[in-house]
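To keep things clear, I will list the structure first and then write my remarks on it.
Numbers restart at 1 for each chain; the letters A, B, ... are given by sequence-line order, proteins then strands.
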There are 2 protein chains.
Amino acid sequence: MTDRFVSNFTNRLDAKGRVSIPASFRAVLAKDGYEGLYVHPSLDLEALDAGGHALRATIDDILSRFSPFSDEWESLSTALNGTSEVLKVDPEGRIMLSGTLRAHAGIVDAVTFVGHGHKFQIWEPARFQAHLEAARSRLRNVKRTLGSHMTMTPGATGA
Amino acid sequence: MTDRFVSNFTNRLDAKGRVSIPASFRAVLAKDGYEGLYVHPSLDLEALDAGGHALRATIDDILSRFSPFSDEWESLSTALNGTSEVLKVDPEGRIMLSGTLRAHAGIVDAVTFVGHGHKFQIWEPARFQAHLEAARSRLRNVKRTLGSHMTMTPGATGA
DNA sequence: TGGGCAAATATGGGCGTCAATGGAATCGCG
DNA sequence: CGCGATTCCATTGACGCCCATATTTGCCCA
């Protein structure tokens with residue numbers, strides 16, 4: 001399974017602010033043929049979205065469907081292109097998060113990498129735990145509401 | 001990833017009014033094959049649009065969709081061609097913004113360069129922060145209205 | 001089955017290089 | 001000759017690369 005980002009890993013930042021990208025994620029990025037890690041603040045979460053060409057391609061694809069002079073293009077491009085960073089990956093597989101990125105996610109001295117298939121997220125560990133719990137309880141409520149009719153259809157199976 | 005303007009950088013103007021173009025943007029301009037930086041006031045924002053041949057191309061493309069005898073062509077050409085400037089880039093990669101350009105964007109002693117793929121914008125830093133927040137909240141509102149199934153497809157952002 | 005060896009990964013630090021910035025020197029038009 | 005503009009040079013600080021260490025993981029073999 002080297003073509004999708006899965007699982008989660010928590011690594012520490014060193015004194016210089018560097019942090020290792022999990023080895024399994026590096027393998028995915030390598031297959032994707034990357035030069036630098038593409039990162040931008042999530043539009044609606046206190047987290048960062050990161051990835052390689054696959055992530056970049058989805059952004060370009062979305063923007064390409066709007067006229068460069070439209071308001072939608074302006075807003076999307078400002079939020080995505082304008083706040084994206086292409087982080088260099090050092091020979092050891094580490095990156096450095098800018099102050100802006102760290103601030104957006106509340107990152108201090110450790111981060112949690114969370115696989116999302118074609119991309120992955122970067123969280124402050126405690127915030128991710130809270131986010132995970134929230135997601136789980138949300139799913140529990142949905143399941144309770146639906147009762148016995150929730151019969152594990154493909155894609156609905158979270159676990 | 002040297003073929004698109006991404007991320008944002010804030011640099012200061014020195015006593016002579018000079019400011020460095022971010023190194024990564026210079027790399028994009030170099031690949032684009034530029035001689036001087038093409039700059040014009042944004043049509044509807046308190047910012048400046050800047051770039052190389054790629055920006056020139058989009059402007060020409062827009063104008064080509066109108067008859068050279070139409071009022072629209074006249075207006076667009078006046079606003080774009082008529083107010084554009086080709087700034088010289090010194091050996092250190094710095095430019096000097098004219099008084100007209102600084103006035104349009106409210107620039108005093110620092111500017112923020114904002115990547116937009118084929119071009120980039122130049123903002124007064126505080127104004128850009130406000131603009132970015134506005135863009136984000138606009139996108140959040142759209143997403144909230146459409147619910148959790150929004151996958152940012154063009155048809156879904158019609159609002 | 002248990003121990004230990006080896007490979008890979010995460011982490012820490014030193015140092016050279018480059019970008020941003022400030023100021024001096026030089027050029028050029030009036 | 002003078003003032004503004006352009007080029008040249010110096011400083012500072014951030015960042016990239018290299019090497020060292022450690023901690024883990026998995027493998028091999030006795």
Salt-bridge test for B:Arg140 and A:Asp44: reply yes if a basic N is under 4.0 Å from a carboxylate O, no otherwise.
no
Closest heavy-atom pair and its distance - B:Phe120, B:Gly115
CB-CA, 4.0 Å
Out of D:dT7, C:dT11, D:dG16, which nucleotide sits closest to the side chain of B:Arg18?
D:dT7
I want to check one thing: is the phosphate of C:dA20, taken as OP1 and OP2, less than 4.0 Å away from some side-chain N or O of B:Arg26?
yes
Gap between atoms CD and P, on B:Glu92 and D:dC9 respectively (whole Å)
10 Å
Please report, rounded to the nearest Å, how far the P atom of D:dA5 is from the CG atom of B:Asp14.
13 Å
Closest to side chain of A:Pro22, choosing from D:dT6, C:dG13, C:dA10:
C:dA10
What is the nucleic acid contact for A:Leu87, judged by heavy atoms within less than 4.0 Å: base, sugar-phosphate only, or nothing?
nothing
Relative to the ring of A:Trp123, is the ring of A:Phe128 parallel (under 30°), tilted (30 to 60°) or perpendicular (over 60°)?
tilted
Given D:dG4, is OP1 or OP2 found less than 4.0 Å from the side-chain N or O atoms of B:Lys16?
no
Quick one: B:Asn11 CG to D:dG13 C1', roughly how many Å, whole number?
14 Å
Separation of D:dA5 C1' from B:Leu97 CG (nearest whole Å):
16 Å
What's the verdict on side-chain contact (heavy atoms from CB on, under 4.5 Å) for A:Thr112 and A:Glu124, showing C-alpha distance, side-chain angles and the deciding distance?
CA-CA 6 Å; A:Thr112 297; A:Glu124 191 283 321; over 6 Å; no
What is the nucleic acid contact for A:Ile95, judged by heavy atoms within less than 4.0 Å: base, sugar-phosphate only, or nothing?
nothing
Does B:Arg94 reach a base, just sugar-phosphate, or nothing at all? Heavy atoms under 4.0 Å.
base
In whole angstrom, give the distance that lies between atom CG of B:Asp109 and atom P of C:dA20.
18 Å
Mind calculating the distance between NZ (A:Lys88) and P (C:dC18) to the nearest angstrom?
11 Å
Below 30° counts as parallel, above 60° as perpendicular, anything between as tilted: where do the rings of A:Phe5 and A:Phe25 land?
perpendicular
Mind calculating the distance between CZ (A:Phe9) and P (C:dT9) to the nearest angstrom?
11 Å
Separation of D:dT6 atom P from B:Met96 atom CE, nearest Å, is 7 Å
